[in-house]
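This report concerns only the one structure given below.
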Amino acid sequence: MSTLGLLRTLFNSKIVTPNAIQLQSLNRSPFLVGLFFNHEQVRTMSRVKRRTTHPPYWHVLKNNQRQDEKISSDNLRFVREVIQDKYKNKSPIKGSDLDIEKKEWDPKTKRSGVIARNIGVQHMWEKDGKKVVCTVLHVLDNHVIRYVPPEEYAKSIIGAKVFRNRKPLGCLVVGAEAANPDRFTRQYCSLFNEVGLLPKKRLARFIVTPNAVLPPCTPLTAGHFVVGQAVDVYGKTIDYGFQGVVKRWGFKGGPASHGATKFHRRGGTIGTGRDKARVWPGQKMPGHMGSERRFCRGLKIVRINMKYNVIYVKGTVPGPTNSIVQIFDTLLPRRKFTEAPPHPTYFPPEDGTLPQEDIWDSNMHVFGSPSISV
Amino acid sequence: MRQLFANRTSSILLQEKCDEADEKSVSKQKPGDESGNTVVVAPPEFRFMYPEFLPDPAMERRNRLKEKLERIDMLQRRSVVEIPEFYTGSVMAVTVADANSPNKFARFVGICIQRGGSGLRAWFILRNVVDKQGVEILYEMYCPLIQKIEVLRLERRLDESLLYLRDALPEYSTFPLDMEPERRLNNSVVPINPLKVKLRPRPWLERWERQNLQGVEDLNLPQRFYDKAEKVAKPWEKYDLMLQYRKTIPAEEQEKIFSDVHSQLQQQEFKRKMRRRRGTDNEQ
């Protein structure tokens, strides 16, 4: 086979993975690597924009430009009364819309997720005395804002990308952290007019199967989850700012002494002179580190506090303390539900009995119980 | 709170001469607020007796709800195991469940050389010299494997951290493993032991001459050590108000935290005292 023919077959082969950006990547079979390439680094994500300072163009403007309106205190009080009146009589659960068709749970159901705040890390102990680092997640005042059915969602900008090659699912828009409407623009507040809720500071989309639909205004609490289940937590990692190559990529840098002149934390060589004769895209260099969206998958819930709406999750989650995260049922196949969870979500019992305040996993040592004797 | 106890148990209190509730933890009563209720404020000594209830001062990582939940858990654990008041320099004995011990329990006696951590992460280090070998063990105060914490000798030293005992002569760190708890004559004040420890000759683990240690005898070093220490010292730090502010929790917040926790701690102490008294009565 001629070299030209060989090269043509190389360039025509594509590595296709679902939902990945398809790049014309060269065939990386082992014997060819030695022939043509000297370094093999994964560079598929090097061209993708990983963080922006502005929201997508289809979002409405959210925050009000704080104008120094010189309102008298009487008028200010009047404005507050108007706001209270507007939202006072609207109870969160609208009567007619609460008739949830009792759809059955099946193992392929995708339930809604929940917006929470990572409030810190606490140490707990298992029944054999082993210490476990648990992250405390405070489930904020979540309410379902609207449901977008599968056909409609598949036509939207994000939905078209997500469901390009598969059967479309519905999308639940959930909001958390009610705030004073003063700080938001009218367009943003209009998103909540249909449900009649105070505008929320955070909104999130959760992909759900049609049998896990929730009507608007449904509150979501910590009881949505079950102690012992595995969850995925999605958040934005800690923002380290502009970082050098040692911290960002784990390079070793240079020697601290032995005559090294101005070469202690630098990257060193960035390419050969021969093949390509340029710096390859994706070359590891200093730059902005952190503030990226990441998942932590398969974290086990060890304790739920129903009174304060707090979930204790074994392990750590992306993001600093007091940052917002999204929690949903895991997609790891071996840790999924075998029995039906609270489907479509948890509702407090109608006979008014209060749920158990603090639910612990069977493996954990409860603090009020006697000391462990091995 | 105090008056309630006085009414119920006045006869028993009168018999006991040195009673902790009377002298040490005197709860102040603030002048009533608008509703007319008196607000009980924890005594100021609480921040020394229970320092782990105060959270880590770093503002980026603070969250009031999480601190509140952690305090509830701490009080739950304290209701099961008595975690007594102790300071650096106190001699303590800790019994821990240990699968590898013959009795399944391991007891260690030692002097507390350092304590730290906040919330459920609070820890302290005990040091002793066993068979001419210095041994230090770090215990986590709220670990459920701990069965018992006893304070054999409650006293303070001139320094907050006694890490220099590692470089001191071994007799300063040696305590008999079967030491009996010592009874205090005066319960209201924790005595400060003005002992000055003699260090072994150099080399040392740290540069003790740079650390302003009060509890150490004259180090007798050549002058160049003290000159270098002066060069490296930061004498302006004692004037830096913001530095001190960032290292501590403000007084108003401390009051709030301890008034939260105060009544429960007092109740637990009272219950324990009653149990002890009932125990001694039965023995008699």
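These figures come from a predicted structure and were not determined experimentally. Numbers restart at 1 for each chain; the letters A, B, ... are given by sequence-line order, proteins then strands.
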So which bits of residues 96-115 of chain B come within less than 4.5 Å of chain A, counting non-hydrogen atoms only? Ala97(B), Ala99(B), Lys104(B), Phe105(B)
Using a 6.0 Å cut-off, check whether atom [atom1] of [X] has over 12 heavy atoms from anything other than its own residue.
{"X": "Glu206(B)", "atom1": "CD", "value": "yes"}
{"X": "Leu241(B)", "atom1": "CG", "value": "no"}
{"X": "Arg210(B)", "atom1": "CZ", "value": "yes"}
{"X": "Arg207(B)", "atom1": "CZ", "value": "no"}
{"X": "Lys62(A)", "atom1": "NZ", "value": "yes"}
{"X": "Lys228(B)", "atom1": "NZ", "value": "no"}
{"X": "Arg272(B)", "atom1": "CZ", "value": "yes"}

For Arg77(B) and Ser371(A), run side chain to side chain donor-acceptor pair (under 3.5 Å): C-alpha distance rounded to whole Å, both residues' side-chain angles, the deciding distance at 0.1 Å, then the answer. CA-CA 9 Å; Arg77(B) 175 69 190 153; Ser371(A) 307; 3.3 Å; yes
Contacting moiety of [X], where chain A heavy atoms sit under 4.5 Å:
{"X": "Glu70(B)", "result": "both"}
{"X": "Ile146(B)", "result": "backbone"}
{"X": "Glu140(B)", "result": "side chain"}

Between [X] and chain B, which part of the residue has a heavy atom less than 4.5 Å away: side chain, backbone, both or neither?
{"X": "Asp358(A)", "value": "neither"}
{"X": "His123(A)", "value": "both"}
{"X": "Val366(A)", "value": "neither"}

Straight-line distance of [X] [atom1] to [Y] [atom2], nearest 0.5 Å:
{"X": "Ile119(A)", "Y": "Glu67(B)", "atom1": "CD1", "atom2": "CD", "value": "9.5 Å"}
{"X": "Leu137(A)", "Y": "Lys66(B)", "atom1": "CG", "atom2": "NZ", "value": "12.0 Å"}
{"X": "Met124(A)", "Y": "Leu120(B)", "atom1": "CE", "atom2": "CG", "value": "9.0 Å"}
{"X": "Cys143(B)", "Y": "His365(A)", "atom1": "SG", "atom2": "NE2", "value": "8.5 Å"}
{"X": "Ile72(B)", "Y": "Phe367(A)", "atom1": "CD1", "atom2": "CZ", "value": "12.0 Å"}

Quick one: are Glu60(B) and Thr321(A) in side-chain contact, heavy atoms under 4.5 Å?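 The answer is no, as the side chains (C-beta and beyond) never meet within the 4.5 Å cut-off.
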I'd like to know if the side chain of Asn322(A) reaches the main chain of Arg62(B), judged simply by a donor and an acceptor atom lying under 3.5 Å from each other, with no hydrogens or angles considered.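 Answer holds: yes.
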Gln122(A) side chain to Leu69(B) backbone, donor-acceptor under 3.5 Å: no
Considering only heavy atoms and a distance below 4.5 Å, find which of Leu75(B), Val81(B), Leu65(B) pairs most often with chain A.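 Top count of heavy-atom pairs under 4.5 Å with chain A: Leu65(B).
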